[in-house]
Amino acid sequence: MASHPPLRAKTCLLILILLQCLTILCMTPSRKLELREEARVNFRHGWENYMTRAFPQDEIKPLSCAPHYRDRDNPNNIGRNDAMGDFSLTAIDTLSSLALMADSSDLDAERFWETVGEVVRIYWYNEPKECDVATENCDEKTSSWGRFHNRSRESRGFDIDAKVQVFETTIRTLGGLLSAHLFATRSLASLPVGVQPKYEYKDELLDLAYDLGLRLLPALTESPTGLPYPRINLRYGLPHKIKNPAYYRFPRRAPHPHPAPRPWTPTGEHQSEKQWGNPTKPGGVKETASEEITETCTAGAGSLVLEFTTLSRLTGDPQFEEAAKRAFEAVWDRRSDLGLFGGGVDAESGLWNGPVGGVGAGMDSFFEYAFKAFVLFAGDEYGEDSWFWKVWEQSSEAVRTHMRMEIPTMWWSNVHLGTGAPVQGASSWTDSLSAFWPGLLASSGEVEEATRGNLFYSALWSRFSALPERWNFRTGSVEGGLGWYPGRPEFAESTYMLYRATKDPWYLYVGEMIMRDLKRRCWGKCGWAGLQDVKTGERQDRMESFWLGETWTYLFLLFDEDHPLHKGDDPWVFTTEGHPIILPKSKQRIRSSRTYSAPPLSCPNPAPKSIPFFSTTASRPDVFHASHFTRLHLLPRTPPTELSPMQPSDLDIYAENSYFWSPSNSTFYPWTLPPHLVSPDSICSRLPALESFDLIFPQPKTQHSSASSSSDVFGATTAGIVKRVQGGISISGSMRGVRMGLTNEHGALRITNIGGTSLGKSEIVFLEDKVIDKSGAIIDPNFQVVLDNEYVDLIIQYADDIRAAKREEELRQVPIIPETKTALGELLSRLGFTSLETQLNDLLSLYNDDEDETTPTSTSSPRLHAYAGIIPTGIGAVDIPTTTPVFTNIHVLNNPACTPIQSNSIPKTAQVLIVPHGTCAFSQKLQHVPSFIRLVVFLDKNTSTSQGLVQPLLDKENEYDIMAVMAAGGGKEWEREVGSLTLRRRWSVWVKDIRVGNVVVL
């Protein structure tokens, strides 16, 4: 009889065969290289058409194949003019992309050096491409660009009559020049050594960057707040008067003088330079001045620090770094008490222009530059990296606390920057720019949060085959008609960052989906066209420079596993425009006025849990939640009859208004994801939902109602008074007519709104003592007020505050003479300052009694500080009254009171004794306390929060009935001398037997 191999051997063989099959089905290295090369081809499609048909203009129109330049007839057309400054925007913005791709292509390296040569020739040397030395004076002839802008040969740099946005010009043009210089000088690895320029590179890109920096700098240095003015004219600088510009009579701060123009005959033109022809006659360009806008976006003010610091370190000129850091700190100093920022701020007044905060448009790159500055300044001898880490830590925590939503999936909402509450209208939508946030979280090590957030954007892209500018989560549709997609790179950037952090193949297929959809919907004859409407597929005849500089570059790098920038640990970063930069190794530093302790050396970045042929992300139990949230699952199960199913192999790049639908009814996404990447034992967890309901209190009773009773909290005849106060909403008078919206969050109730007024996540509802019944006589199962038997508040006034208030009171004893007030009022009135007189009267009334103006009235009082304490348990615990007397004689004991206390070591007048925790039992400590002490505070110096306290057990009789509490002493609050102390019991509110977490009973 034939023998058979053991069962174990068969099992191992089957496993090996299965592993081999699954590995083949997964995205192989060769497949990733194919997709990398496809991204390169897509980049070249736009770049080659631009360089052939539009350079040296700023952009190319991808559908009509014509050059695209700034709107010189309408300076107020900021949609075009903010970024386009007649300085070959696309060429400069894509230099770093060519350098990145040059690592695997000599052709891209050659194109990099050729483009650098053209940019330097036109913008720095201002010389013609071709010149006949026999018939022309080549030493004086300018480039056609120079003639077009009315410049002589001596003029250098960006001497252009164009008002541009400081932010866009910094991140696209200045950043592009600096990054290309770092690649050209081998400070960043990518350019092959075997491909050299046909000329000697003499740091001309850095010279151009320095020239541009000097032209932008007055927008920062001449601002009274440090916040940069949003726009500046590259030739004439800031207007003479910011609200009444006079650009052409008062040229200011131009780094290079503008010489008198000389006539030149345009002969011997290079083919590309003929593209400067346009309806405006060369040499006659002059834009008209317009009303100046002083409002700048938060991102624009805070996102200059990477480029300007790099410029300072490379040139040795510190003024750029100083100005940019001052601007960054000016934004940081204006954060709200919650640590949130508005979308725009006025450079002159320093005031926010609106109350809405978020992580998307207007605010995005401020957060980004806080973290990336920490990386870029790594190891800074003056602690610069530590300070920026602190900014990132605090600002990202504020976003996590007040903006992050987790039901049914993770996303980030817009909120009121002062309260954290939802804002009507603004809190119901999210924008495409916020798609960068998961990538930033992944870079900082918060991979789980980033993964959950990226699911939402992946599902939203899958639904529209693009990201609409705004999407309304309540209606599930495009918000306010803002359905365009101009080729923004943020989603591709986050996908790339998450793949680098996790190596999960899910993100490779997300990247493939992005490529397929862009190629299918946005391909134009001469470049890549943005979508005017993601639903209809209507296209824009514009290719913004970030199409090439970021979107296709990030997709290229996504599939390039072996790129040099993916190796090593040098502290380089991508700017917000996708330009890699790194600081030179120099001892020169610009010292900040703020220092913090060193940040952690590593971030919480867990190792990927997936095995090579399964995707952890695709197998997540909450992957369908994002699909449900974006209504992706509601797409048609079957395609319209006039269309056929599209697969990656047969996409028609010329087809318009076509789309792809998922054969699995879109429950799985991206649509390029192979089903085998989903683990066989994957599960789909239930959709999470929050239990929400309204609690409506009875309407006020009439005056004639016989049912009114003083013991009935609802027996009041007037409605409750609801008003917004610092930190939340207060209710006074009664609870009658009050309507509360409550939500059950993780087993605790939170009041989300009162009478339609929304509350932020950290806001409190303050109930006046008289509006509720504390006796327990009235039992209402829907609303109960219960005495808290675990925690108590320690209300403290510090001794130095009391002394300062006393000195202030003594100074106020000088009487205010009424005649002086009247005489000053008459003088102000004659001068026309009637409103100022009113303010003065109001101010003086604070110090004067209505009946006798010569008698001063004190309004100063030491600030009250409340700290939580925990109440002991056991037979020795003494009941603490609702409010104790104010104790003013507090004595601090330096030993743990484990031995009898000497009678002469504590003053007989002492009322409160503060005793260190530890060494012996609480009851033993209490037995050694003198009988005249009224209250003992056990202080745990190893704990800084009340949550970390242990409830004291007093297991022996308390002979003198001394009250005791336990408090956290690990912070600085107990380092100051305590002047007075009182205890206040806490009351908790319960609804349906569930505690309400954000209520305080006063």
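Numbers for residues simply follow the sequence, beginning at 1.
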Looking just at side-chain N and O atoms, do S988 and W990 make a donor-acceptor pair shorter than 3.5 Å?
yes
One thing to verify: whether D801 and R863 come together as a salt bridge, which I'm taking to mean a side-chain N less than 4.0 angstrom from a carboxylate O.
no
For R750, what residues pass the salt bridge (charged side-chain N to carboxylate O under 4.0 Å, His left out) criterion, not counting sequence neighbours?
E745
Would you mind telling me which of I994, V991, L690 makes a side-chain contact (heavy atoms from CB on, under 4.5 Å) with N744?
I994
Kindly write out the residues that satisfy side-chain contact (heavy atoms from CB on, under 4.5 Å) with L417, not counting sequence neighbours, or none if the list is empty.
S336, L340, W352
Under a 3.5 Å cutoff, is there a donor and acceptor pairing between the side chains of D346 and T294?
yes
Give the C-alpha distance, both sets of side-chain angles, the deciding distance and a yes or no for side chain to side chain contact (heavy atoms under 4.5 Å, CB included) between N789 and R985.
CA-CA 8 Å; N789 291 317; R985 294 295 296 271; 3.2 Å; yes
Taking everything shown except D993 itself, do over 12 heavy atoms lie less than 6.0 Å from its CG?
no
Quick one: side chains of residues 358-368, donor-acceptor pairs under 3.5 Å with protein atoms, not counting sequence neighbours, listed by atom name and distance.
{"residue": "S365", "atom": "OG", "partner": "S303", "partner atom": "OG", "Å": "2.5"}
{"residue": "E368", "atom": "OE1", "partner": "T576", "partner atom": "OG1", "Å": "2.9"}
{"residue": "E368", "atom": "OE2", "partner": "K372", "partner atom": "NZ", "Å": "2.6"}

What do the steps show when you test Y867 against S946 for side chain to side chain donor-acceptor pair (under 3.5 Å), and what is the final call?
CA-CA 8 Å; Y867 304 109; S946 59; over 6 Å; no
Output all residues satisfying salt bridge (charged side-chain N to carboxylate O under 4.0 Å, His left out) with E449, sequence neighbours left out; order by chain, then residue number.
R400, R404
Check residues 995-1002 and write down every donor-acceptor pair under 3.5 Å in which the side-chain atom is one partner and the other belongs to a residue at least two apart or another chain.
{"residue": "R995", "atom": "NH2", "partner": "D788", "partner atom": "OD2", "Å": "3.4"}
{"residue": "N998", "atom": "OD1", "partner": "I751", "partner atom": "N", "Å": "2.9"}
{"residue": "N998", "atom": "ND2", "partner": "I751", "partner atom": "O", "Å": "3.0"}
{"residue": "N998", "atom": "ND2", "partner": "E763", "partner atom": "O", "Å": "3.4"}

More than 12 heavy atoms of other residues, nucleotides or ligands under 6.0 Å from CD of Q726: yes or no?
no
What distance do L742 atom CG and D694 atom CG have between them, rounded to the nearest 0.5 Å?
8.0 Å
Just verifying a value: how many Å separate R724 CZ and L759 CG, rounded to the nearest 0.5 Å?
6.0 Å
Residues at least two apart in sequence or cross-chain that pass side-chain contact (heavy atoms from CB on, under 4.5 Å) with S944, listed by chain then number, are none
Close aromatic pair by centroid cut-off 6.0 Å: Y485 and F464:
no
Whether R488 and E469 form a salt bridge (side-chain N of Lys/Arg under 4.0 Å from carboxylate O of Asp/Glu) is what I want to check.
yes
Using the ring pair (Phe, Tyr, Trp, His ring centres under 6.0 Å) definition, which of the options Y669, W471, F491 pairs with W461?
F491
